[in-house]
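Structure first, commentary second.
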2 protein chains.
Amino acid sequence: MAKREEILRVAAEMFYEDGFARTSMDDIAARLAVGKPSIYALFESKRELLSEVCNRTTQYAAAIAGEAAVRVGSPSTRLRHIVEQLCLRVIEGRRHLSVLFRDYKHLPPEALGELAENFHAFNRSLGALLREGVETGEFTVQDPVIVTHAISGMGTWIYAWYRPEGPLSPEEISFQMADLALRMVKLGGDPGPTAPE
Amino acid sequence: MAKREEILRVAAEMFYEDGFARTSMDDIAARLAVGKPSIYALFESKRELLSEVCNRTTQYAAAIAGEAAVRVGSPSTRLRHIVEQLCLRVIEGRRHLSVLFRDYKHLPPEALGELAENFHAFNRSLGALLREGVETGEFTVQDPVIVTHAISGMGTWIYAWYRPEGPLSPEEISFQMADLALRMVKLGGDPGPTAPE
């Protein structure tokens, strides 16, 4: 009997390698070396597997958004934290993100709606943080919406270029991305420390 | 007899709406109101149509890379230009980019190789420009590779969030993105003008 997590891990792997359309429940069962009924005992359909795989990516986004809303520390400190978390989660979940961006059209509409809502929650949190920093005089931002998309974009895009064999660790990449985000919002300001603590 | 450009426009539209796998040559012929032979007279296969559609996106990238290599103006001026061009092209070609990111696994390996090479050409040009700016003392950049990915990412990601009915024009968005890129590389420097000329 395959465990829920194990099924999801293998499904994510196979969707990533071959795409949703070309992966059958038979393929997934074969790689798990179980019968299909033990998968169907836990998941109604291949689409449900896809929903769960994709859901992980935006659950992270929503979780980071939640953290950002907890107002501890200055806007700069919190911006660094939210960007680092975004980058670390993108690196960790890069294969799930690939599946999401490639196969989201196969998702049931409710699942797609939930995913979109999680992304929006992240953007709203980041936008609110930027506006707060402007109000406190810490940030100089022309348009918080554009800066939100720019930060979201440079973080999310890591899924497309990150290679585990590259010269920088996930922590170093995330730290540098946070530096860049701080530079974007702090006109002529302190760029923060230049090396991870 | 359908014209080459018209066929590509309709194919891109249908791949964008329904995905490559779910669009048949029959569907494309039907929307064009022509017989399939008039498509096959110009394109060998549906895959060739996909290659051509995807190729447009990275041809732009390669073209911008080429322009950036022409060394006219300061690194800042050229960085502004390359970022604005990237953003404008992404907005213009956002549907083609969606098709590329969703269906690249259906491309023949040669086509995929060429696409990747065009993207790399863009990144190499941008990286070279950043290093040049560091050498002239105009830019302060910790790691040109990370900054290249960050700029590429925030520009490319526009394809995912841009809506024609949004409050900013493509030119305004591109101008602000260029401002942000300049802030990233100019520590405490002049952010440039704050409104499009």
Side-chain angles (χ1 to χ4, degrees), chain A residues 16-22 83 87 90 97-98 100-106 116 119-120 123 140-143 145-162 166-168 172-191 194-195, chain B residues 16-22 83 87 90 97-98 100-106 116 119-120 123 140-143 145-162 166-168 172-191 194-195:
Chain A
Y16 174 71
E17 290 164 16
D18 304 321
F20 176 76
R22 291 192 214 178
V83 176
C87 296
V90 165
L97 274 173
S98 286
L100 170 64
F101 293 145
R102 248 161 36 197
D103 286 325
Y104 67 90
K105 286 232 172 188
H106 295 284
F119 270 121
H120 291 149
N123 280 349
T140 314
V141 167
Q142 189 183 350
D143 184 335
V145 174
I146 294 294
V147 178
T148 295
H149 286 310
I151 293 174
S152 248
M154 76 185 199
T156 307
W157 190 242
I158 301 175
Y159 95 94
W161 60 263
Y162 175 78
L168 297 181
E172 287 165 327
I173 291 169
S174 304
F175 189 88
Q176 289 199 32
M177 287 287 175
D179 272 350
L180 294 175
L182 283 166
R183 280 187 175 204
M184 277 193 203
V185 301
K186 291 182 138 185
L187 186 55
D190 171 18
T194 53
Chain B
Y16 174 71
E17 289 164 16
D18 303 320
F20 176 76
R22 292 191 212 179
V83 176
C87 296
V90 165
L97 274 172
S98 285
L100 170 64
F101 293 145
R102 247 161 36 196
D103 286 324
Y104 66 90
K105 286 233 172 189
H106 295 283
F119 271 121
H120 291 149
N123 280 349
T140 314
V141 166
Q142 188 182 350
D143 184 335
V145 174
I146 294 294
V147 178
T148 294
H149 286 310
I151 292 174
S152 247
M154 75 185 198
T156 307
W157 189 243
I158 301 175
Y159 95 94
W161 60 263
Y162 175 77
L168 298 181
E172 287 166 327
I173 291 169
S174 304
F175 190 88
Q176 288 200 30
M177 287 287 175
D179 272 349
L180 293 175
L182 284 166
R183 281 188 174 203
M184 276 192 205
V185 300
K186 291 183 137 185
L187 186 53
D190 171 17
T194 52

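Being a predicted model, the structure only gives us computed values, none of them experimental.
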ask   = Got a sec, which residues hit side chain to side chain donor-acceptor pair (under 3.5 Å) with D143(A), two or more places apart in sequence or on another chain?
value = none
request  = Return the set of residues passing side chain to side chain donor-acceptor pair (under 3.5 Å) with Y104(B) (not counting sequence neighbours), or none when no residue passes.
outcome  = R102(A)
message = Would you call the rings of W161(B) and H149(A) parallel, tilted or perpendicular, taking 30° and 60° as the class edges?
response = parallel
request  = Nearest 0.5 Å please: distance from the CZ atom of R22(B) over to the NE2 atom of H106(A).
outcome  = 5.0 Å
Please flag which part of [X] lies under 4.5 Å from any non-hydrogen atom of chain B: side chain, backbone, both or neither.
X	value
H120(A)	neither
L168(A)	side chain
T140(A)	both

Proximity breakdown for V147(B) and chain A, heavy-atom pairs closer than 4.5 Å = both
key: Contact origin within A21(B) toward chain A - heavy atom pairs under 4.5 Å   = neither
message = Measuring centre to centre across the rings, with the benzene-like ring taken for any Trp, is Y159(A) within less than 6.0 Å of W157(B)?
response = no
ask   = Which atom pair, heavy atoms only, marks the closest approach of K105(B) to D18(A)?
value = NZ-N, 4.3 Å
ask   = Do you know which two heavy atoms are closest between M154(B) and A150(A), and how far apart they sit?
value = CB-O, 3.4 Å
query = Among S152(B), A160(B), G153(B), which residue forms the greatest number of heavy-atom pairs with chain A at distances under 4.5 Å?
reply = G153(B)
